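Throughout, protein chains are lettered first and strands after them, A, B, ... in sequence-line order, and every chain is numbered starting at 1. Every value quoted in this text rests on a predicted model; they were computed, and no experiment measured them.
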There are 2 protein chains.
Amino acid sequence: MKGNVIVGQSGGPTAVINSSLAGVYRTAMDRGAKKVYGMRFGIQGLLEELYIDLSDHIKNELDIEILKRTPSAFLGTCRYKLPAIHENQEIYVKLFEILNKLDIECFIYIGGNDSMDTIKKLSDYAILTGQTQKFVGVPKTIDNDLALTDHTPGYGSAAKYIATSTKEVIRDGIGFSFNKQQVIIIEIMGRNAGWLTGASALAKGEDCDGPDLIYLPEVPFDTEAFLSRTRNLLEKKNTVVVAISEGIRFQDGTYVSEASGNADYVDAFGHKQLTGSATYLANVVSRELGCKTRAVEFSTLQRSASHLASRVDINEAFMVGGAAVKAADEGDSGKMVVIDRVSDDPYQCATGIYDVHKIANGEKLVPRNWITEDGTYVTEDFIDYVKPLIQGDYPSVMVNGIPRHLYMKE
Amino acid sequence: MKGNVIVGQSGGPTAVINSSLAGVYRTAMDRGAKKVYGMRFGIQGLLEELYIDLSDHIKNELDIEILKRTPSAFLGTCRYKLPAIHENQEIYVKLFEILNKLDIECFIYIGGNDSMDTIKKLSDYAILTGQTQKFVGVPKTIDNDLALTDHTPGYGSAAKYIATSTKEVIRDGIGFSFNKQQVIIIEIMGRNAGWLTGASALAKGEDCDGPDLIYLPEVPFDTEAFLSRTRNLLEKKNTVVVAISEGIRFQDGTYVSEASGNADYVDAFGHKQLTGSATYLANVVSRELGCKTRAVEFSTLQRSASHLASRVDINEAFMVGGAAVKAADEGDSGKMVVIDRVSDDPYQCATGIYDVHKIANGEKLVPRNWITEDGTYVTEDFIDYVKPLIQGDYPSVMVNGIPRHLYMKE
């Protein structure tokens with residue numbers, strides 16, 4: 001590699017997005033990059049010429065290990081969508097001026113669907129204007145909704161957190177199950193795809209019954225059917241645990257969270273902020289079935305709990321970061337690294353590379369036949385798919401009793 | 001020991017209440033108990049003759065280790081307050097019939113303030129009626145509000161979870177801090193005592209600024225002052241993180257959670273269920289300051305996250321369980337085991353024993369001089385007190401990627 005590398009992070013963070021950053025840095029240095037720059041706050045920060053030299057922050061091998069265990073976007077993230085090239089060329093001119101000034105050869109962007117759109121537009125613009133920079137995307141999202149990759153880094157750790165926390169919430173609940181009925185509703189992230197919510201099924205095992213009902217956004221939510229099932233369950237057991245996706249919708253397409261009367265907050269990508277579905281349904285159960293209820297939201301913890309990251313996930317995140325640099329250095333552009341599952345048992349994966357034009361903005365949902373016919377649980381196929389992704393631990397480096405993170409001194 | 005031991009768990013569970021149960025079992029067996037019974041669902045289950053022989057469930061040393069890592073009350077818990085002896089003697093007659101039938105010599109009850117009231121009444125009744133059973137309490141509560149003991153088992157692990165999760169939430173928040181202001185409000189358990197909420201300050205360190213504001217229930221909450229401080233902070237930084245206790249009250253004594261319009265749910269001990277303060281304040285901030293907000297509730301996870309238990313806490317919980325059996329076997333009754341801090345640095349603790357008449361129902365609050373004068377943070381004295389309690393890990397036994405628990409097969 002003759003020039004420099006720049007790397008950015010975009011969209012909602014994960015527990016392992018910094019492991020990908022570490023992988024980018026390591027491979028870029030190994031391949032002889034003179035400088036590895038980090039965009040502050042993704043492309044949005046870069047437009048204001050906010051970037052750092054990563055060598056100023058990653059001083060040694062220990063820092064790389066700490067970075068791999070640091071949640072959220074070390075570089076800062078953004079939710080920023082580039083305009084179409086014909087709509088606003090100026091922004092592209094400006095960005096490429098910055099890239100040329102920094103002698104960037106490889107541009108690596110770690111993100112989800114919206115971020116791959118950035119890779120697509122930048123590589124298109126480079127080709128249109130005859131510039132030589134290579135643009136490669138690194139998949140990242142807890143939502144696991146990116147097409148063409150077997151799964152996305154970040155998903156396995158979120159799934160491990162959700163499985164573990166669901167199990168702990170169930171244990172907490174059944175301890176109180178004497179002569180008292182209660183329904184606990186756990187709200188899990190996932191706007192359109194139920195990958196995260198389905199992972200709550202992993203709580204089930206020899207020592208735990210798992211949730212009783214699981215509702216994914218892929219299947220319309222029917223309040224009457226839900227109440228009827230819950231009522232039936234309460235005839236057999238005193239503690240009923242229900243896992244729901246924040247994105248569940250009624251048959252008419254409106255979000256359950258809208259019924260809760262929450263103000264509609266819309267983010268920069270035009271996505272509605274969804275929250276409050278569990279509280280809403282807990283109130284419905286309390287009113288209709290007359291039992292004690294509790295709503296639990298895993299909130300941002302499910303995407304930031306590095307202390308419970310999956311070893312498989314951390315290692316794969318590191319691997320895809322490195323693979324992206326290798327691909328760009330070897331001339332790929334407008335591509336995203338993907339994870340191909342080579343074997344289910346024993347679990348083996350390898351990286352591949354795909355044209356980002358085929359990936360951007362296509363959401364991968366849970367296949368309907370991985371959800372039970374009645375739409376209240378996931379199937380064994382779902383569990384077989386996700387189980388390998390939560391395996392192994394990556395113990396935090398504990399300092400003063402809590403996990404150490406790599407910190408950017410301003 | 002000639003007779004048998006019975007042990008129960010009561011009140012809200014903790015991440016280490018089963019480590020105390022394991023300690024009771026181990027010491028009872030070591031001291032020659034013929035049988036160690038476990039009450040199902042505390043005294044309330046015992047009144048219906050629900051109990052188990054613990055040897056049927058703890059088969060070997062590995063089971064003891066798994067039990068120490070199992071959250072929530074393995075035996076089941078209850079929120080049940082015995083009537084005064086003169087109000088209802090029948091219930092005491094019935095309980096002692098059961099104890100005599102089971103040849104109980106030592107009655108160990110693991111619980112908080114309300115549970116120590118049970119120990120007091122039962123030991124009083126035994127003395128009044130000339131019976132020989134010994135009744136000893138084992139302290140347990142995440143709230144750390146028991147008098148006379150330096151701290152309570154369960155608090156250290158909850159504090160470790162809160163410190164770690166607060167740090168992860170802060171990291172998640174600052175990743176988004178470009179050109180956008182946001183206020184994140186974290187709601188932490190604690191009705192009257194701010195020990196848990198104060199522990200969020202432990203997130204602060206070389207690699208994290210910690211929360212910006214901490215509001216404990218010991219100091220009246222002033223919405224205007226809170227808004228003014230938040231406004232000032234937003235002039236200096238884009239992400240402001242506020243930790244509040246669920247039990248914060250306005251100057252007039254009403255709970256902030258009441259202002260949220262939540263229905264007043266009252267539990268069996270007459271305590272109001274508090275929840276929704278963070279959401280309420282997030283809405284106030286959003287309305288008054290016009291920035292993005294997020295409310296995060298740590299919910300039951302803070303008392304059940306055994307996967308992040310403190311080693312100091314697990315070991316102390318085990319130790320006080322054993323000390324209670326030893327005390328009862330040596331003739332103590334109407335007593336609670338306490339933890340005495342022998343030394344701050346290096347941290348050393350030993351068990352002591354106190355008359356439960358001095359303990360029951362007296363809540364230990366955070367001393368006013370451990371809260372800053374303006375009531376928006378805790379002092380170094382507070383931090384020095386709690387820091388030793390979150391030290392060390394007790395790694396979960398992971399099976400299929402998630403922590404294994406000891407499970408009672410029905």
Visitor: Who among Ile174(A), Val296(A), Asn179(A), Ile184(A) has the most heavy-atom pairs with chain B under 4.5 Å?
Guide: Val296(A)
Visitor: If you count heavy-atom pairs under 4.5 Å between each of Ala163(A), Ser310(A), Gly12(A), Ser177(A) and chain B, which one has the most?
Guide: Ser177(A)
Visitor: Any luck finding a side-chain donor-acceptor pair between Ser10(B) and Ser115(B) under 3.5 Å?
Guide: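 The answer is yes; a qualifying pair exists.
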Visitor: If the threshold is 4.0 Å, N to carboxylate O, is there a salt bridge linking Lys68(B) and Glu65(B)?
Guide: yes
Visitor: Identify which part of Thr70(B) has an atom lying under 4.5 Å from any heavy atom of chain A, answering side chain, backbone, both or neither.
Guide: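 When you check distances to chain A, only side chain atoms of Thr70(B) fall under 4.5 Å.
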Visitor: Taking 4.0 angstrom as the limit, do Arg303(B) and Asp172(A) come out as a salt bridge?
Guide: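 A salt bridge links Arg303(B) with Asp172(A).
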Visitor: Compare all side-chain heavy atoms of Val285(B) with those of Cys291(B) and state whether any distance is below 4.5 angstrom.
Guide: yes
Visitor: Measure distances from Ser299(B) to the heavy atoms of chain A and classify the residue's part below 4.5 Å as side chain, backbone, both or neither.
Guide: side chain
Visitor: Among side-chain atoms of Tyr385(B) and Glu380(B), is any donor-acceptor pair under 3.5 angstrom?
Guide: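 Not at all, the side chains of Tyr385(B) and Glu380(B) share no donor-acceptor pair under 3.5 Å.
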Visitor: Identify which part of Ala159(B) has an atom lying under 4.5 Å from any heavy atom of chain A, answering side chain, backbone, both or neither.
Guide: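 Contact with chain A: none, neither part.
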Visitor: So for Leu202(B), is it side chain, backbone, both, or neither that comes closer than 4.5 Å to the heavy atoms of chain A?
Guide: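 Backbone of Leu202(B) only, per the 4.5 Å heavy-atom cut-off to chain A.
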Visitor: Hey, is Lys160(A) close enough to Asp393(A) for a salt bridge, meaning N to O under 4.0 Å?
Guide: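 Salt bridge between Lys160(A) and Asp393(A), a charged N being under 4.0 Å from a carboxylate O: yes.
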Visitor: Quick check on Phe298(B) against chain A: is it the side chain, the backbone, both or neither that has a heavy atom closer than 4.5 Å?
Guide: side chain
Visitor: Counting heavy-atom pairs under 4.5 Å to chain B, which of Leu50(A), Leu389(A), Thr300(A) comes out on top?
Guide: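 Of the options given, most contacts go to Thr300(A).
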Visitor: Checking Glu206(B) against chain A: side chain, backbone, both or neither under 4.5 Å from a heavy atom?
Guide: both
Visitor: May I ask you to name which of Ala305(A), Ala73(A), Gly392(A) has the most heavy-atom pairs under 4.5 Å with chain B?
Guide: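 Going by pairs under 4.5 Å, I would pick Ala305(A).
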Visitor: Identify which part of Ser396(A) has an atom lying under 4.5 Å from any heavy atom of chain B, answering side chain, backbone, both or neither.
Guide: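 For Ser396(A), there is no contact with chain B at all, as no heavy atom is under 4.5 Å.
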Visitor: Find the distance between CE (Met39(B)) and CZ (Phe178(A)) and round it off to the nearest 0.5 Å.
Guide: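 With rounding to 0.5 Å, CE (Met39(B)) is 13.0 Å from CZ (Phe178(A)).
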Visitor: Do Val312(A) and Tyr347(A) touch side chain to side chain, with heavy atoms closer than 4.5 Å?
Guide: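 A side-chain contact exists here, since the closest heavy-atom pair is under 4.5 Å.
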Visitor: At a heavy-atom separation under 4.5 Å, does Leu406(B) approach chain A through its side chain, its backbone, both, or neither?
Guide: backbone
Visitor: Rounded to the nearest 0.5 Å, how far does CG of Asp207(A) lie from CG of Asn400(B)?
Guide: 9.5 Å
Visitor: Hey, is the main chain of Ala282(A) close enough, under 3.5 Å, to the side chain of Ser286(A) for a donor-acceptor pair?
Guide: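 A pair under 3.5 Å: no.
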Visitor: Quick check on Asn283(A) against chain B: is it the side chain, the backbone, both or neither that has a heavy atom closer than 4.5 Å?
Guide: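 No part of Asn283(A) comes within 4.5 Å of chain B.
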Visitor: If I measure from the heavy atoms of chain B, does Arg404(A) come under 4.5 Å with its side chain, its backbone, both, or neither?
Guide: both
Visitor: So which residue, Lys167(A), His307(A), Gln391(A), Arg311(A), ends up with the most heavy-atom pairs under 4.5 Å with chain B?
Guide: His307(A)
Visitor: Among Ser72(B), Ser165(B), Pro71(B), Gly173(B), who wins on heavy-atom pairs under 4.5 Å with chain A?
Guide: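 Of Ser72(B), Ser165(B), Pro71(B), Gly173(B), Ser72(B) has the most heavy-atom pairs under 4.5 Å with chain A.
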